[in-house]
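If you read the sequence from its start, that first residue is 1, and numbering goes on from there.
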Amino acid sequence: MRIDLRTAALTDSEDQRVRIAANLLGAVRIEAKLSPWDGTRCDVVIVNADDAYGRRVMELAQKRGIGLLAYASQAIHFDKASQCHVAEGTAVFLVSALRCVIDAARKHDSAASPGTAAASPAPARHGNFSALMELTHDAWRGRDIDADIAGRRISIRASRGRVMAGTLSDMLAARDALGKCAEPHGFTAVPERRPGIGEISWSLDAFLVDGALRCRQSLPTFAGSAYSLRDWPDLGSAGETLTPLRIASWLQQRSGSVQERAKKAGIGADEVNACLWAFHASNLLVIGEPPAAPAPPAALPARVATPLLSKLAARFGLAW
């Protein structure tokens, strides 16, 4: 089993123990990919909750339901079994805590997505749906699937945020065909974490955004007007990054209309529409959440100037 393990704001000693623990997980057949927190999807994040940045990452992990281990000088109570507090301890103790968090997170995912224990095709939808639009269907969005797109076989592993193919040619052809009509029974759900087809691996978010932008002229208008993102997209390998990142930033802010902002910035409506379809297919988009109204500024107390201060302000030309 493979997991994406992220860290945030750890001290040198904590980071060293985490690295040792990540290597020790191999003894229980868990392959841990360790990297710093970057805001994108992962399985478990380990933070130092005594640090301001670490607390911010901890809050995001709690909100997104990410597995969490929090170093803290004082005990922290978490409602979920996949999130727990750890005090100073050995790497072996950390391995045990990580296994508990991973097991709890996997049980939660299985309960949230019933029927993923065995590979099974979902009922095909009738109509002229493109492969990209088909991927936004509840049967496929956010799930691990094998897909046949334009005769090219790829593996979409939403649990890891990756898409895999046997050859680079298959990957490019599938990406360029996302706007074409989906093949009947072309998608099959598979057990979570099943190894993908081939060794070519790309970011799922980048794959979908690139494909959506290439077929943006043929995409229907995305429904709704209020959107937000539950996660920051992984667009490091995307061919076009500036426009999708700007749109993602506006969606994260949840203030104002994305379409209006894009128009003022000179970004075409079809590009915004394509990114919305791509973010929805990658299970990042939250639809129908109205932007939060900004809190009214607190009234400032009236200043009372004493005669002495008034004279000093007048002496130096300052309004009081």
Side-chain angles (χ1 to χ4, degrees), residues 121-143 145-156 158 161 163-165 167-188 200 202-229 233-235 237-248 250-251 257-288:
R125 290 195 293 170
H126 299 288
N128 188 26
F129 292 100
S130 68
L132 178 63
M133 293 173 62
E134 186 69 23
L135 286 171
T136 66
H137 190 269
D138 291 342
W140 313 121
R141 192 177 68 253
R143 297 180 64 180
I145 64 174
D146 287 337
D148 194 339
I149 301 177
R152 306 296 183 125
R153 196 73 175 161
I154 63 171
S155 296
I156 293 176
V163 56
M164 285 155 278
T167 66
L168 180 59
S169 174
D170 287 343
M171 185 75 80
L172 294 173
R175 179 201 64 185
D176 295 344
L178 284 177
K180 297 180 180 179
C181 186
E183 300 183 16
H185 307 291
F187 299 159
T188 304
I200 307 299
W202 283 8
S203 158
L204 176 59
D205 301 336
F207 173 83
L208 293 171
V209 166
D210 278 347
L213 288 172
R214 287 172 179 269
C215 66
R216 60 182 180 270
Q217 301 294 341
S218 62
L219 290 173
T221 302
F222 198 84
S225 58
Y227 321 104
S228 61
L229 289 182
D234 179 8
L235 300 175
S237 59
E240 169 60 42
T241 57
L242 181 57
T243 295
L245 285 175
R246 293 179 74 180
I247 294 172
W250 295 331
L251 290 169
S257 167
V258 175
Q259 288 86 349
E260 290 178 3
R261 286 190 173 196
K263 186 177 181 180
K264 292 179 181 179
I267 297 175
D270 56 347
E271 293 178 282
V272 177
N273 190 57
C275 288
L276 291 175
W277 278 108
F279 293 152
H280 190 35
S282 63
N283 203 32
L284 294 177
L285 194 68
V286 178
I287 304 173

Check: What's the verdict on side chain to side chain contact (heavy atoms under 4.5 Å, CB included) for L208 and S282, showing C-alpha distance, side-chain angles and the deciding distance?
Finding: CA-CA 7 Å; L208 293 171; S282 63; 3.6 Å; yes

Next item on the list: Examine distances only and state if a side-chain atom of D205 and a backbone atom of D234 form a donor-acceptor pair shorter than 3.5 Å.
Entry: yes

Notebook entry, point to check: Do the side-chain N and O atoms of T188 and D146 include a donor-acceptor pair separated by under 3.5 angstrom?
Noted result: no

Next item on the list: Take D176 and R214, measure what side chain to side chain contact (heavy atoms under 4.5 Å, CB included) needs, and give me the verdict at the end.
Entry: CA-CA 7 Å; D176 295 344; R214 287 172 179 269; 3.2 Å; yes

Checklist line | Evaluation steps, side chain to side chain contact (heavy atoms under 4.5 Å, CB included), between W140 and N283 | finding: CA-CA 10 Å; W140 313 121; N283 203 32; over 6 Å; no

Next item on the list: Could you check L285, L132, L135 and say which one makes a side-chain contact (heavy atoms from CB on, under 4.5 Å) with H280?
Entry: L285

Nearest heavy-atom pair of [X] and [Y]: which atoms, and what distance?
X: D210; Y: A238; answer: OD2-CA, 3.6 Å
X: A212; Y: L219; answer: O-CD1, 3.9 Å
X: G142; Y: A158; answer: C-CB, 3.5 Å
X: L229; Y: P233; answer: CD1-CD, 4.0 Å
X: F279; Y: I247; answer: CE1-CG2, 4.3 Å
X: S203; Y: V163; answer: O-CG1, 4.1 Å

Distance in Å, [X] [atom1] paired with [Y] [atom2], rounded so as to fall on 0.5 Å steps:
X: R175; Y: I154; atom1: CZ; atom2: CD1; answer: 11.5 Å
X: R261; Y: K264; atom1: CZ; atom2: NZ; answer: 8.5 Å
X: Q259; Y: W250; atom1: CD; atom2: CH2; answer: 10.5 Å
X: R152; Y: M171; atom1: CZ; atom2: CE; answer: 12.0 Å
X: L213; Y: T243; atom1: CG; atom2: OG1; answer: 7.5 Å
X: I149; Y: D170; atom1: CD1; atom2: CG; answer: 11.0 Å

In a table with atom names and distances, give each donor-acceptor pair under 3.5 Å that connects a side chain of residues 267-277 to protein atoms at least two apart or in another chain.
{"from": "D270", "atom 1": "OD2", "to": "R216", "atom 2": "NE", "distance (Å)": "3.3"}
{"from": "D270", "atom 1": "OD2", "to": "Q217", "atom 2": "NE2", "distance (Å)": "3.1"}
{"from": "E271", "atom 1": "OE1", "to": "G268", "atom 2": "N", "distance (Å)": "3.1"}
{"from": "N273", "atom 1": "OD1", "to": "F222", "atom 2": "N", "distance (Å)": "2.6"}
{"from": "N273", "atom 1": "ND2", "to": "P220", "atom 2": "O", "distance (Å)": "2.8"}
{"from": "W277", "atom 1": "NE1", "to": "P220", "atom 2": "O", "distance (Å)": "2.8"}

Note to self: Working note: F187 + I156, criterion side chain to side chain contact (heavy atoms under 4.5 Å, CB included); need CA distance, chi angles, decisive distance, verdict.
What the structure shows: CA-CA 10 Å; F187 299 159; I156 293 176; over 6 Å; no

